[in-house]
Structures are given as C-alpha cells and as structure tokens.
Colleague: 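If you scroll down you'll find the structure; I have some questions about it.
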Amino acid sequence: MKATIFFFYQIDGQIACKIIPRYITPPLFVGYSIPQVASNLDEIVDRIKSIYKL
C-alpha cells in the first residue's frame, strides 16, 4: 500500500479533498509548492564543512 497525503479545503460551504501520492518531498512542497529551505544556509554550510573537515 502506497502512502498518500490528504489536503482538505472549504470551498463555497462544502469540503473538498485533494489526494496526492506521497513522494520523498515535504508535504508543504507537494501540496502548496512551498519549499522548506533554511534561511541560514551559509551557517549550515560552514558547520558541515567544519564537521567533515572540508
């Protein structure tokens, strides 16, 4: 059984449901095209470089 994501909306007094197969992406991106990107990317890059001695 494959996983699915359900989004519920209220439109004109009725409830609509959007059914989407579960991908290996965040549900916010799949349902609303909102990426989950860090706002402190430079700090994260520096931290990874220091951890892995890059």
Colleague: Please output the side-chain donor-acceptor pairs of residues 40-48 that fall under 3.5 Å, not counting sequence neighbours, one pair per line with the distance.
Modeller:
none

Colleague: Roughly how far, to the nearest 0.5 Å, is the CZ atom of F6 from the CD1 atom of I20?
Modeller: 10.5 Å
Colleague: Would you be so kind as to tabulate the donor-acceptor pairs closer than 3.5 Å made by side chains of residues 8-15, with sequence neighbours excluded?
Modeller:
none

